[in-house]
Amino acid sequence: MTTMNRGVRALCTGLSALLATTAATAVAAQQFPSEPIRIVIGFAAGGSTDTNTRALAAAAEETCGTEIVITNQPGGSGVIALDTVRNSDADGYTIATTPTEISAVSHMGLSDITHQDFSAVMRFVFDPHGFFVTPDPPYDSLQDVVDAAKGGETIRVATSGPASPYAITFEDMARNTGVTGQLVNIPYQGDAMAIPAALSGEVDLLVTNASNVVGQVAEEALVPLGVASDSRIAILPDTPTLAEQGIDVTGGSIFGLAVPAGTPADRVEALNSCFEAAFRSDSFNAYVEQSGVNPAYLGAADYDAYLAAEYQRYGELLEQLGLAQ
Amino acid sequence: MSGWAEGFAVLQDWSVLAMVPIGVLLGVSIGAIPGLSATVGMAMFLPFTFTLDPLTGLVLLLGIYNGACYAGAIPAVLINTPGTPSSAATTLDGYPMAQKGRAGEALTLSLLASVAGGLIGTALLAFFAPVLARYALSFGTPEYFAIAVLALTIIASIGGGQISKGFVAAALGLLIASIGFDPVAGFPRLSFGSSDLSGGIQLIPLLVGIFGMAEALTQLERAIASRLDRREIGGFGIGAGWARRLLPTTAGASAIGFGTGMLPGVGGDIGGYIAYNEAKRFGGAAAPFGQGEPRGVVAAEAANNASNMGSLVPTFALGIPGNTQAAVLLGALLIAGVQPGPGLFNTAPELIYGSFLGMALAYLCLLAIGLLGIRLWIRVIRIPSVYLWPIVILFCVVGAYAVRNTTFDVLVMLLAGVLGYLMTKARYPVAPLLIAVIVGPIAEENFRRSMILHQGSYEWLLQPLTASILAFAAASLVFSAWRHRGRARAEREMAR
């Protein structure tokens, strides 16, 4: 009798616990997000991904109504951080910043991570790559650069390594114009090393995000020859796109957010709407205005499709460039 | 001069002035805990500055920057663990001083040297930044390689004991540094298919392990064996005649630190080691460097604080961050609507001169906070070994985890701790290993890039500046070997 009593009691406790959990889950689902959200950034504090994301997160703390904790996990072109997020609970409380590299690393055999491990939340900034030279250059346009290269001149181009997005855009441009051999990729460890090299004339051409050199351009220490975007950008209104110069190449640094694949759709939607509100907030707009980054919103579904297309594009590109594994 | 007046005017605002001690205190707390770096601290407060007036935000960030750089010396002296990488060279003489019952003096010295180095650096930055920035641009890839080689030659003189053991430690360091993506070809090296390893070994977990964890193991072993406890603190004074003894070192180290700091990618850790090495070279053969020589502490701390200021030269004058902290500052400047670059001194004089004055003020504030705080921090030493070192181990674990929130870094820290412990047992110096880890990648990357830039020809080695630095490095190596032989012979004759 006593054993049965105990059994019944245990069953009751179990049931009520189950009920309580379900109720709690229901409440949590209604009130998502009700806990602090963590954003894992794959690059060091102070870099462009970090600054852009922190600016957005500061606005999102209000629009999402919860605390947002930022963690930097630099290493392996952002792969370490993506790996962390991919392996976290798919509950919407852990968000990754999606670097451009997410479309490239698996093709190059550097990691098995792809966009399929994630569910996109949104894209908020697209900073196109630009091509820059020092003032009084022998080149007035990218066509001049190409002509010089065709004439047998060796042109040294500063990028951030052979597998970096800058280098891929540059290689794409070189291949597109048929001057692969004469344009030499000089890899630097990041913009802090590459920009001085361009300023001092150690290299002939610099590839970097346009927003990284707004100051140098304003003071005419560097001259922009072209931007690799579909249309001209706000901070360099007089600089033609590559397409305008007959070079069919686009490329840039993508700043977006994503959660682990398998996160409930309603939570992805909730995150998208509150981060979109942050994106449209006055404080983030003020940031965009002052920092010179190029805002480029894509919603969850659009960004998912965009990442899939980019994955395809990088695959083909890297194959052609001989960088695929 | 009107820039100074404008800067002075905008600084006279209570909300700006209040940020100075707040920033410094935050910086001191962050810097004193191994693993927490000024970069993360500043990045944490960056969004907060969006809502502040530009100068107020800058002053807050600069306070953190300066405070953390000094505070790295506190655990370096007390528990042989640099709080930030910049203070790595401070352990060389700071900790031996503490072990010999001169912890109070060592802490006072590190504070005074930090403040002096910082103020000298601030002055150089304020008056010469635009000129110096142009000079820094003349340092191209080949010159970076030469500087890295120069820094590597320190291994020969810093090792203490046998030079050969120093080289073994350095070789191990180079091996550790080569883990991760190849800087030029982008291939993963020594990664064995692990994505953690392909990301490379982070400096801070290694540093915390090889110093803090290793020292904790050594001390615990000693405490369990002998129960010998209770170290003496000694007085806080720095002795009479300090001016003559320490001022030349301070001035020289500040200049070296500032000069190296101006080069993007070369931080206070390298500056500290180079300055330490020069102090040792000029200190006379009899000076007990490595065994508690006050000038060693002064050189390292003056240099790293001056280097911090040097890093701001390319930041303010060219808009290029000299280190990761400067990158955060650059972010803050951009958000404030200020475009750093050669024109900055004319377009926003109140902000620039205001922040120079703010920096000087932060150092004075640091002096006050430091003098008050030293008596508090030193109590760490009073904690009995059997309690102190387990706490240190706990901090090492937390510190290593805090860097990136990955358990991989904790594993690296623990392994580095065991490595450091074994090296100490076998009398292998750890400083050469660390120098190799920090400088090795700079040497490799710049060597290979020079080769690409010159299409496979070695002619770049003969460029005047590169060749001079390399010649100096060679001379420095020969000098250390010669002095070493002299000392060894003297010891043999003493024994006879």
Side-chain angles (χ1 to χ4, degrees), chain A residues 40 44-48 50-51 54-55 57-58 61 70-77 79-81 83-84 108 110-113 154 156 161-164 167 184-193 195-197 199-200 202-203 213-216 218-219 221 283 286-287 289-292 323, chain B residues 37 39-40 42-44 46-48 50-51 136-141 144 180-181 183-186 188 195-196 198-200 202 264-265 314 318-331 334-344 403-406 408 441 445 449 452-453 455:
Chain A
V40 188
S48 54
D50 183 69
T51 331
R54 282 179 196 269
E61 284 206 322
I70 306 247
T71 321
N72 297 84
Q73 290 190 354
S77 306
V79 164
I80 307 269
D83 204 39
T84 300
M108 293 191 287
L110 302 178
S111 165
D112 60 353
I113 286 179
T154 301
R156 294 161 304 179
S164 68
V184 186
N185 179 7
I186 314 286
Y188 287 83
Q189 295 287 304
D191 292 306
M193 307 297 287
I195 299 171
L199 291 174
S200 69
E202 188 171 282
V203 291
V213 287
V214 190
Q216 284 83 0
E219 276 153 14
S283 71
Y287 168 78
E289 183 94 355
Q290 281 150 0
S291 63
L323 290 170
Chain B
S37 68
T39 315
V40 173
M42 289 166 72
M44 263 171 62
L46 180 64
F48 177 61
F50 296 169
T51 59
L137 271 188
S138 66
F139 269 70
T141 296
Y144 266 87
F181 285 112
V184 172
S195 76
D196 283 321
S198 70
Q202 299 286 307
L318 301 172
I320 298 157
N323 56 26
T324 49
Q325 293 98 306
V328 180
L329 280 175
L330 199 60
L334 287 169
I335 311 293
V338 180
Q339 201 47 256
L344 180 62
V403 178
R404 298 190 296 178
N405 290 22
T406 59
F408 175 73
E445 181 205 331
R449 191 159 58 236
I452 301 175
L453 278 166
Q455 286 142 31

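Protein chains get the first letters and strands the later ones, always in sequence-line order, with residue 1 at the start of each.
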Structural part of B/Y144 lying under 4.5 Å from a heavy atom of chain A: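 Only the side chain of B/Y144 comes within 4.5 Å of chain A.
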
Contacting region of [X] [heavy-atom separation from chain B under 4.5 Å]:
X	value
A/V184	side chain
A/S283	neither
A/D83	side chain

Considering non-hydrogen atoms only, spot the tightest contact between [X] and [Y] and give its length.
X	Y	value
A/P196	B/I320	CG-CD1, 3.6 Å
B/R404	A/T71	O-CG2, 4.2 Å
B/A43	A/D50	CB-OD2, 4.1 Å

Would you compute the distance between atom [atom1] of [X] and atom [atom2] of [Y] and round it to the nearest 0.5 angstrom?
X	Y	atom1	atom2	answer
B/Q202	A/Q73	CD	CD	10.0 Å
A/R156	B/R449	CZ	CZ	12.5 Å
A/E202	B/L453	CD	CG	5.0 Å

Using a 4.5 angstrom heavy-atom cutoff, name the option from [options] with the most pairs to chain B.
options	result
A/I80, A/I70, A/T51, A/T84	A/I80
A/A218, A/A55, A/P74	A/P74
A/A286, A/A192, A/A58	A/A192

Close side-chain approach of A/I186 to B/T141, heavy-atom, < 4.5 Å: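 Sidechains of B/T141 and A/I186: no contact.
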
Selection from B/N323, B/L329, B/L46, B/T406 maximising heavy-atom pairs under 4.5 Å formed with chain A: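 Between B/N323, B/L329, B/L46, B/T406, the count favours B/T406.
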
